[in-house]
Amino acid sequence: MTCQECGERPATLHFTKIVNGQKTEFHICEICAKEKGELEPGTNHFSIHNLLSGLLNFETPINDSSTHPIYNRERQSCPKCGLTYQQFTQIGRFGCSECYKTFSEKLDPILKKVHGGNTVHSGKLPKRAGAAIEIERKVQNLRTKMQEYIQQEEFEKAAETRDLIRSLEHKASEGGE
Amino acid sequence: MSLQRFISEAVSPWMKDEGPDSDIVMSSRIRFARNLRNYVFPVLSNGKQNLEVLESIKTKFNEAPNEEVGRLELIEMEDLKPTQKRVLVEKHLVSPNLVEQSKNGAVLLSENETISIMINEEDHFRIQCLEAGLRLKEALNLANSLDDWIESKVDYAFDKRKGYLTSCPTNVGTGMRASVMMHLPALVLTQQLNHIIPAINQLGLVVRGSYGEGSEAQGNIFQISNQITLGKSETDIIEDLQGVVMQVIEKERSARRKLLDNSRIELEDRIYRSLGILENSRIIQSKEAAKCLSNVRLGIDIGLVAGITKSILNELVILTQPGFLQQYAGASLNPAERDIKRATLIRERLELEKQLKKSEGDER
Ligand SMILES: [Zn+2]
Ligand SMILES: [Zn+2]
């Protein structure tokens, strides 16, 4: 098969894209893939995509999906956008924010590989949604502390902490969405 | 401001000012990927949803983010001719993906072209800020302010554990890609780059040639960017990147010094031959043009070549790509015609520069 871009070199990279629910296949040589990806500074759709599908393929070989037994979990699909895990392994993209919940079980090992072992965000919080999350994080910490006080029978401190939690929760319900 | 300006000028206004360490660092860039909570991501959209997103953006973002930035111009991909799209890609203002794949794709551009916010690309928003020279922090601050502005009007897809939710899990978390574009001719010439790249990769950073691959990058232009977007803060990511970039700058400078000390005449020969080719050739392929432009740029940066402004080289790198060549010719050109047009353009531009310098000198 020759490359669809240059029509000269043999196509060594094969992609499947789903546009409008329509599956289209894309065959391209390494050089053209690089050129295409490089045009946008800072991102390389193809190389990152490759890396990712490489990882995904490692877990679910997709030589020819029809010859493989179909596991239930491969059939699991996102309730909001309808993407199946099988489709995800092919396009390397999620279809909506809900996909992260739907496929959360399988996601962490992938994230660990891509992000140097990390699975939890520790960067910027959006201003509006983030304010509530910040309070939530604080409340979570205070609850743990309160349990410790109770176990240590320091009931006065536990009560203080409980009041603090209440006031924070009150603040959250007033200011939050 | 009009579409015409974005299309006709090869050099973005921000490129005219040089910025810190501009002898080696051409530009710094921050990109945030953001999505809307209540819409499926553009990849899976049936067009109708993308259209809704675009329509709501038209009304919501019709004002300036702040006075300094000014109003952003919305350009819809549908309204552009193929050559115009190509030109925007060559100026790095939009991605090939936006031009080729997107449904209802559009871009919001600031007048100085520092800011480009792509809409309905792989993610609903791709906020991109470019600065000349090594200015990651400034670019990050600008991107943050735009991000806050957008978030004040829409609901982002955000998860407290996973951060900003992106279509591709390689971007999740901060959604941030920070990158620095560097000109590294001496490290290539002395074959040191091959050893440096694996070391940089070990640190979770990626090095790639700007228009080519590996050490054969066209024009010796390389880009270093972060791979990891999850589990590190934005500031930590750019500090790590900046640290590595500083080391590479040091290595490139010392390689340049060594070349000047040990093989000055060979270096001069190489640079002036390249200048000769650029000033005289009648047919030139993009690869050769990029190589010669890189050599001349090096000549300017180490003080061997005088009388040529560096920004002209940036301009020529962009100007001599297929989209711009055809834009200039006002017609579509086959590769052979392009090589002729490219040579003409470079000759004329360098000649114009000489005239300008001469008249400046006469006035003095
Ligand atoms: Zn090809
Ligand atoms: Zn989904």
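Sequence lines set the chain letters: A, B, ... in the order given, protein chains first and strands last, and positions in each chain run from 1.
Dense packing is recorded around CD of Q152(A), with more than 12 heavy atoms of other residues, nucleotides or ligands lying under 6.0 Å away. Counting non-hydrogen atoms of neighbouring residues, nucleotides and ligands closer than 6.0 angstrom, the NZ atom of K145(A) reaches no more than 12 such neighbours. Remark: E105(A) CD is loosely packed, at most 12 non-hydrogen atoms of other residues, nucleotides or ligands lying under 6.0 Å away.
By number of non-hydrogen pairs under 4.5 angstrom with chain B, the leading residue of G82(A), C99(A), S104(A), C96(A) is C96(A). The candidate with the highest count of non-hydrogen atom pairs below 4.5 Å against chain B, out of P126(A), C81(A), G116(A), is P126(A). Chain A forms more heavy-atom pairs under 4.5 Å with one residue of G231(B), G175(B), A157(B) than with any other, namely G231(B). Most heavy-atom pairs under 4.5 Å with chain A, from the set N35(B), L98(B), D159(B), V172(B): that is V172(B). Counting heavy-atom pairs closer than 4.5 Å to chain B, the top residue among S122(A), C78(A), G117(A) is S122(A).
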- Task: Could you walk me through whether Y100(A) and F94(A) pass ring pair (Phe, Tyr, Trp, His ring centres under 6.0 Å), step by step?
- Result: CA-CA 8 Å; Y100(A) 277 89; F94(A) 283 135; 4.7 Å; yes
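If you run side chain to side chain contact (heavy atoms under 4.5 Å, CB included) between E234(B) and each of N226(B), L140(B), T229(B), only L140(B) comes through.
The parts of N144(B) that come within reach of chain A are both its backbone and its side chain, each placing non-hydrogen atoms under 4.5 angstrom from that chain. The parts of L125(A) that come within reach of chain B are both its backbone and its side chain, each placing non-hydrogen atoms under 4.5 angstrom from that chain. For V180(B), no part sits under 4.5 Å from any heavy atom of chain A, backbone or side chain. Both the backbone and the side chain of T119(A) come within less than 4.5 Å of a heavy atom of chain B. Residue T166(B) touches chain A through both its backbone and its side chain, counting heavy-atom pairs closer than 4.5 Å.
Sequence neighbours left out, the pairs with a member in residues 139-149 of chain B that pass salt bridge (Lys or Arg N to Asp or Glu O under 4.0 Å) are K124(A)-D147(B), K124(A)-D148(B), K127(A)-D148(B), R34(B)-D147(B). Applying the ring-ring contact (aromatic ring centres under 6.0 Å, His included) rule to pairs touching residues 144-164 of chain A yields nothing, sequence neighbours excluded.
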